[in-house]
Amino acid sequence: MKVYDTGNIRNVVLLGHGGAGKTTVAEALAYVTGTTTRMGSVPEGNTVSDYDKEEIKRKFSISATTVPIEYKGEHGDLKINILDTPGYFDFVGEVEEAVSVADAAIIVVNCKAGIEPGTLRAWDICEKFRIPRLFFVTNMDDDHASFRQLVLNLEKQFGRSVAPFQIPIRENEKFVGLVNVVKMEGRKFTKPNEYEPCEIPEYVKKNLGIARNALLEAVAETSDEFMEKYFGGEEFTVEEIQTALRQNVKTCSMVPVLMGSGVNVQGFNVLLQVIDKYFPAPDEFETVGVDVSNGERFTAKYNSDATLTAKVWKTIVDPFLGKYSLMKVCTGTLKPNTEVYNVNKETTEKIGKIYVLRGKESIEVPELRSGDIGAVAKLSVTATGDTMAVRNAPIMYHGPQFSTPYTFKAYAAENKTEEDKLATALARMMEEDKTLKTVSDPENRQSLIYGIGDQQLDVVASEIKERYNVTLVLSKPRFAYRETIKKSAKVQGRYKKQSGGHGQFGDVIMQFEPSGDLETAYVFEEQVFGGSVPKNYFPAVEKGVQEGCEKGPLAGYPVVGVKATLLDGSYHPVDSSDMAFKTASNMAFKDAFMKCQPILLEPIASIKVTVPDANTGDIMGDMTKRRGRVLGMESIGHGKQVIQAEVPMSNLYGYGTDLRSMTGGTGDYEYSFARYEQAPGDVQNKIVEENAAQGN
């Protein structure tokens, strides 16, 4: 593949709902540009972008994939970096990585399915980052697909910025061509991706007139001169329309709607023309970062002649192929066999060969210029989100913004001897997927893995088995309950052991009561008079209380909120020892605890759930079922509400999956630990029984 200048590059991300046809669109674009010689198929598992074994097995995208294609544009050769992303929400981290380096987006919509939750999310992502976009409507070959209805729905949902650039031509209920609204010309398909001019059918003229008027109004609003021309009844030239449309698309004030059939490879020639004419090149934007040397904001145009800066937006770690760091060059030119400075890690990395990745294929290139996307192999310390620059000009860019993972499960290696192997495998998986994290929970003697959803965690387990031959077992986690007391009791703890020679003797009389501080395990005091327990044994007595709090007598959970006071006792001048007094104190603790009305405290989470207005009733009802308390509801516009509630942490297990089910995938949530509260009696009894059965 040859080297392309910044102005001849387009970085285009494919977004949309799972199953809408993004991978098929990428495949068709590769096929019609001659990048591939045959059209792959998702069901057959032979597409360029879905090459991973898990993707082939599950028949949907899991990772963001680059598919660079070359196209002979109207004003020269183009390199279009297609970024194919997963549509399923569990893999949103892959979408966030791709979006961070995209300059434009194609939102793929299945004409028959219409606007789906993934369509809404794709739009929200583009709005958040102000990414120029177009809708590409697939499945036009379906007899029951209504393009007109879909456009009306898109306009209703997303506003007047939606502008159909095409109207379908159907004969005998078959999709046979389209009308170009900009040029007012008919196109009839002859064979895959090719067409010939044709008359505009009479039956499409009404819809064509509506689309044309909307287009001309949008053009008129781009300048006072055009507005005068429009109201004066003058016709715009095709060149004037195209120039105005390009400006509108770049500023996100117009979103073209195109159409095609991925299966029949129809409509992709026009899609390529629109990418060429209306999508901006990187040099039309500025790259913004921070100059680490002085802390000031850094702004520069994408320019190949400037000093090198590049950002690492994705990492691929393959046990066979090795590690690839995918980069977007922001300024300057990245060349092989050079040294670059990793600004985040403050260390120098050696750049060897430079590649562009097309699916699983790595293609060596002589250099990468500003705005282009490529990959470097075997960097030592570089990770996703790092910035590469030169040492005397240390510019740092923000990395991708990742969603916070809230779904978690306990995990372990099926075979205990493979725990080190599993730890290595998980570390490599987390290098690739920044929405995965592992947490050690020594309190409950478990390891936890966090992700965006259950499906993602299942895929991780499958990939670890496939790549590293380790079986990852996922299970429901133990929750961080606490134990405390509500009453007080005075008890004696006496430990006496005689076994020939020196024996063991410790005797304490202690008062146990609530301390009122649930943040602290225990408070220890002594009120001993007359030396009945020598002062040198006080630390041992406290140690006995401390050890008792580590694993409570009720259900084996840590104890909080206890005040222990040493009142009296006795000792033996020969047999007494620190160990004996610690044991006596621990016996007193256990005895008193069960006499002081022990209770179980459960962790309470503060949760915010963002859902469409129509789902608020279901969400609030579900919160009640989970023993939650709804604290309030706030409208945030765009037909959405934020519900604030408090709910026991144990009842949030599996909530992500349930929320998607209730909202069709449009709901989001976030939570944080709030405090501990007394668990209801039935919950306490159940937990105590479960832990007794498990021997805890």
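Residue numbers start at 1 and run along the sequence shown. Keep in mind it's a predicted model, so treat the numbers as computed, not measured.
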Atom pairs and distances, side-chain donor-acceptor, residues 402-411, under 3.5 Å, sequence neighbours left out:
unit_1, atom_1, unit_2, atom_2, d
S403, OG, E96, OE2, 2.5
T407, OG1, I452, O, 3.3

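- Distance check, rounded to the nearest 0.5 Å: OG1 of T424 to CD1 of I464 gives 10.5 Å.
- There is no side-chain donor-acceptor pair under 3.5 Å between R130 and T251.
- Using a 3.5 Å distance cut-off with no hydrogens or angles, the side chains of T382 and S325 do not pair a donor with an acceptor.
- A donor-acceptor pair under 3.5 Å links the side-chain atoms of R133 to the main chain of I131, judged by distance alone.
- The two atoms that bring P603 and Y481 nearest to each other are CD-CD2, 4.1 Å, heavy atoms only.
- Under a cut-off of 6.0 angstrom, the local environment of NZ in K72 is sparse, with at most 12 non-hydrogen atoms contributed by other residues, nucleotides or ligands.
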Residues Y655, Y669; criterion ring-ring contact (aromatic ring centres under 6.0 Å, His included); working and verdict:
CA-CA 9 Å; Y655 185 65; Y669 74 108; 5.2 Å; yes

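- Counting heavy atoms from C-beta outward, C126 and I107 have side chains that approach closer than 4.5 Å.
- Taking a cutoff of 4.0 Å between a charged side-chain nitrogen and a carboxylate oxygen, K640 and D668 do not qualify as a salt bridge.
- Counted within 6.0 Å of NZ on K353, heavy atoms from surrounding residues, nucleotides or ligands total 12 or fewer; the atom is thus considered open.
- Between the side chain of S370 and the backbone N or O of N303, at least one donor-acceptor pair lies under 3.5 Å.
- The backbone N or O of T333 sits nowhere less than 3.5 Å from a side-chain atom of R369 that would complete a donor-acceptor pair.
- Aromatic ring centres of F136 and F268 lie closer together than 6.0 Å.
- Using modelled atom types, no side-chain atom of E418 and backbone atom of V470 make a donor-acceptor pair closer than 3.5 Å.
- Atom OG1 of residue T66 and atom CG of residue L83 lie 7.0 Å apart, to the nearest 0.5 angstrom.
- Side-chain contact check for S61 and T23: at least one donor-acceptor pair (N or O, by modelled atom type) lies under 3.5 Å.
- Heavy-atom minimum distance, L659 versus V609: CD1-CG1, 3.8 Å.
- From I275, atom CD1 reaches atom CG of L78 across 9.0 Å, with rounding to the nearest 0.5 Å.
- More than 12 heavy atoms of other shown residues, nucleotides or ligands fall within 6.0 angstrom of atom CG in N337.
- Checked for salt-bridge contact, K314 and E97 meet the test: a charged N lies under 4.0 Å from a carboxylate O.
- Defined by atom type and a distance below 3.5 Å, a donor-acceptor pair is present between the side-chain atoms of T309 and Y397.
- How far CD1 of I449 is from CD of Q456: 8.0 Å, rounded to the nearest 0.5 Å.
- Residues T348 and Y341 meet the side-chain proximity criterion, which asks for heavy atoms closer than 4.5 Å.
- For T347 and N342, the side-chain atoms include no donor-acceptor pair closer than 3.5 Å.
- For residues 83-92, the salt bridge (charged side-chain N to carboxylate O under 4.0 Å, His left out) pairs, not counting sequence neighbours, are D90-R660.
- Counting heavy atoms from C-beta outward, S63 and F91 have side chains that stay 4.5 Å or more apart.
- Judged purely by distance below 3.5 Å, without hydrogens or angles, the side chains of T471 and K465 pair a donor atom with an acceptor atom.
- Looking at S304 and T6, their side chains do bring a donor and an acceptor atom within 3.5 Å of each other.
- Heavy-atom neighbours of K345 NZ from other residues, nucleotides or ligands within 6.0 Å: above the threshold of 12.
- Within 6.0 Å of the CD atom in E127, the count of heavy atoms belonging to other residues, nucleotides or ligands exceeds 12.
- The backbone N or O of V381 sits less than 3.5 Å from a side-chain atom of E349, completing a donor-acceptor pair.
- Because its NZ or CZ atom is both nearer than 6.0 Å to the ring centre of Y4 and within 45° of the ring axis, K2 counts as a cation-pi partner of that residue.
- At least one donor-acceptor pair under 3.5 Å links the side chain of N8 to the backbone N or O of D77.
- Not a single donor-acceptor pair under 3.5 Å links the side chain of T338 to the backbone N or O of I351.
- Contact of the V12 side chain with the N81 side chain is not registered, since no non-hydrogen atoms from C-beta on lie closer than 4.5 Å.
- Between the side chain of K360 and the backbone N or O of Y51, no donor-acceptor pair lies under 3.5 Å.
- Between the side chain of E346 and the main chain of V343, no donor-acceptor pair closer than 3.5 Å is present.
- When side chains are defined from C-beta on, N444 counts as touching Y557, because their heavy atoms get closer than 4.5 Å.
- Proximity of a side-chain donor or acceptor of T35 to a complementary backbone N or O of Y31 within less than 3.5 Å is not detected.
- To the nearest 0.5 Å, the span separating CG on L448 from CG on D441 amounts to 5.0 Å.
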